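Contents: one structure, followed by commentary.
Quantities reported herein were computed from a predicted structural model and do not represent experimental measurements. Numbers restart at 1 for each chain; the letters A, B, ... are given by sequence-line order, proteins then strands.
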Protein chains: 2
Amino acid sequence: MENTAIDTQKKFQNFFWKANETRNGVCPVRDIIARISDKWTILTIYALGGYGTLRFNEIKKLIGDVSQRMLTVTLRNLEADGLVERHVYAEVPPRVEYTLTPLGYGLMEQLVQLAGWAEDNSQAIMKNRKG
Amino acid sequence: MENTAIDTQKKFQNFFWKANETRNGVCPVRDIIARISDKWTILTIYALGGYGTLRFNEIKKLIGDVSQRMLTVTLRNLEADGLVERHVYAEVPPRVEYTLTPLGYGLMEQLVQLAGWAEDNSQAIMKNRKG
DNA sequence: ATTAATAGTTACTTTTGGTAACCCAAAATT
DNA sequence: AATTTTGGGTTACCAAAAGTAACTATTAAT
């Protein structure tokens, strides 16, 4: 791999390719990618960002095809990273409300951009996929 | 789910929540999310976007921990959607080069935004994760 | 006494992803 | 002359993740 495209664009590399840089053993970009790279995390943040506070079953109904187990797992992970806040009210039946933290809203903004791009370009992608 | 937060933000909903809207049976946002929501797609696009044209094994070495099989699968999917172009040169040993299409570069731009956010906020996320 | 409601958990099955071995043809090495 | 190396895969097999269904708690309503 000497004198290939890899060697030619060092500046570009250094700017873009953070995937192999680690900060005390953790690569920030990879870490975030790993967190959002599953079927439900993005949709969950998107739901919370779009509606504000939501209860567990409200998120579940909005997403539609997420299982109870996977929504629980997803929300716990988001909570652990400080992207989502969980408020339990001592009522029966239980009431649990979820909200994005400021950090979560920051990610939401990125996802809104991504969703916008997805909308604008979905027809092109569909056309490729068939032809 | 009547008269909850869900009913209160219709405009916000209509703007943000495209995840349940379908266009001839396909939801653009969900479709894109499904495509990028795996461990290797984002990293692959990121590599190609950062370095321009790359050969199979160059991508593999850059990412580092992707298996041959999964990189093949990832690249084939990206190719099928028109995000990546695959050029096979009739040489021995074979030479296969991959490049982002304009569509792929569009997605790359979104991912660069996302990666920027990830870098800026990784410390905050790490702090939450431990405490 | 039974049912309904909310927010889960647990056990089990299926799907997906990861690992290692193998393939091809020619050029370089022994 | 025979073996090894090369690049870009494929195939078979195994582990991990996700999906499914059933179960739980507690109280109010029927």
Side-chain angles (χ1 to χ4, degrees), chain A residues 1-7 19 30-31 33-45 47-48 51 53-80 84-99, chain B residues 1-7 19 30-31 33-45 47-48 51 53-80 84-99:
Chain A
M1 208 155 63
E2 300 84 328
N3 281 326
T4 65
I6 287 174
D7 304 274
R30 285 212 172 200
D31 192 69
I33 290 171
R35 166 90 340 146
I36 68 164
S37 284
D38 70 283
K39 211 171 165 183
W40 307 119
T41 296
I42 294 178
L43 288 171
T44 301
I45 292 173
L48 285 172
Y51 289 87
T53 298
L54 287 174
R55 299 178 63 172
F56 185 89
N57 277 331
E58 290 174 335
I59 303 171
K60 190 167 182 305
K61 281 176 192 166
L62 276 171
I63 295 179
D65 53 348
V66 66
S67 71
Q68 218 156 6
R69 193 175 77 87
M70 287 316 296
L71 184 54
T72 302
V73 170
T74 302
L75 287 166
R76 290 291 188 282
N77 285 337
L78 288 170
E79 197 194 353
V84 161
E85 270 182 15
R86 182 171 180 267
H87 294 286
V88 184
Y89 296 88
E91 300 173 7
V92 173
R95 182 160 62 98
V96 181
E97 291 184 344
Y98 292 91
T99 319
Chain B
M1 210 156 60
E2 300 87 325
N3 280 325
T4 65
I6 288 174
D7 303 274
R30 283 214 174 203
D31 192 69
I33 290 171
R35 166 88 342 147
I36 68 165
S37 284
D38 68 284
K39 211 172 166 184
W40 308 118
T41 295
I42 292 178
L43 289 171
T44 301
I45 293 174
L48 286 171
Y51 289 85
T53 298
L54 286 174
R55 299 177 64 170
F56 184 88
N57 276 332
E58 290 174 337
I59 303 172
K60 189 167 180 309
K61 280 176 194 167
L62 275 172
I63 295 180
D65 53 348
V66 66
S67 70
Q68 214 155 6
R69 192 175 76 87
M70 288 316 295
L71 185 54
T72 302
V73 170
T74 302
L75 287 166
R76 290 290 188 281
N77 286 335
L78 288 170
E79 197 193 355
V84 162
E85 270 182 13
R86 181 171 183 268
H87 295 285
V88 184
Y89 298 87
E91 302 173 3
V92 172
R95 182 159 61 99
V96 182
E97 291 183 344
Y98 293 92
T99 320

**Q.** N/O donor-acceptor pair under 3.5 Å between B/Arg35 side chain and B/Asn77 backbone
**A.** yes

Q.
Measuring from atom CG of A/Leu48 to atom CG of A/Leu62, what distance do you get when rounded to the nearest 0.5 angstrom?
A. 9.0 Å

Q: Calculate the interatomic distance between B/Glu91 atom CD and C/dC24 atom C1'; express it in whole Å.
A: 15 Å

Q. Is there side-chain contact between B/Lys60 and B/Asn57, with heavy atoms separated by less than 4.5 Å?
A. yes

Q: Quickly work out the A/Leu71 CG to C/dT9 P distance and round it to whole Å.
A: 11 Å

(Q) Counting only side-chain nitrogens and oxygens, does B/Tyr98 get under 4.0 Å of the OP1 or OP2 atom of D/dG7? (A) no

Q | Heavy-atom side-chain proximity of B/Leu43 to B/Val66 below 4.5 angstrom | A | no

Q. So what does B/Tyr89 hit on the nucleic acid, given a heavy-atom distance under 4.0 Å: a base, only sugar-phosphate, or nothing?
A. nothing

Q: Round to the nearest Å and state the distance from B/Ile63 atom CD1 to C/dG18 atom P.
A: 11 Å

**Q.** Atom pair CD1 (A/Ile33) and CH2 (B/Trp40), whose distance is rounded to the nearest 0.5 Å
**A.** 10.5 Å

Q: Nearest whole angstrom, please: distance from the P of C/dT16 to the CG of B/Asn77.
A: 12 Å

Q: Go along nucleotides 10-28 of chain D 5' to 3' and tag each nucleotide: B for a protein heavy atom under 4.0 Å from its base, S when only backbone or sugar atoms are that close, - otherwise.
A: BBB-----BBB-----BS-

Could you list the donor-acceptor pairs under 3.5 angstrom formed between side-chain atoms of residues 89-97 of chain A and any protein atom two or more places apart in sequence or on another chain?
from, atom 1, to, atom 2, distance (Å)
A/Tyr89, OH, A/Glu97, OE1, 3.3
A/Glu91, OE1, A/Arg95, NE, 3.2
A/Glu91, OE2, A/Arg95, NE, 3.3
A/Glu91, OE2, A/Arg95, NH2, 2.9
A/Arg95, NH1, A/Glu97, OE2, 3.0

Q: Check the distance between C/dA7's P and A/Ile59's CD1 and give it to me in whole angstrom.
A: 9 Å

Q: Work out which heavy atom in B/Phe56 is nearest to a heavy atom in B/Leu71; give both atom names and the distance.
A: O-CD2, 3.7 Å

Q) For the helix from C/dA1-D/dT30 to C/dT30-D/dA1, how many degrees between its two end axes (five pairs per end), to the nearest 10°? A) 30°

Q. In whole angstroms, how far is the C1' atom of C/dG8 from the CG atom of A/Asn57?
A. 9 Å

(Q) I need the CZ-P distance between B/Arg95 and C/dA27, as an integer number of Å. (A) 15 Å

Q: Let me know the distance between CD of A/Glu97 and P of C/dA7, rounded to the nearest Å.
A: 9 Å

Q. Quick one: CG on B/Leu75 to CE on B/Met70, what's the gap to the nearest 0.5 Å?
A. 10.5 Å

Q: Report yes if some heavy atom in the side chain of B/Arg30 is under 4.5 Å from a heavy atom in the side chain of A/Ile63; otherwise report no.
A: yes

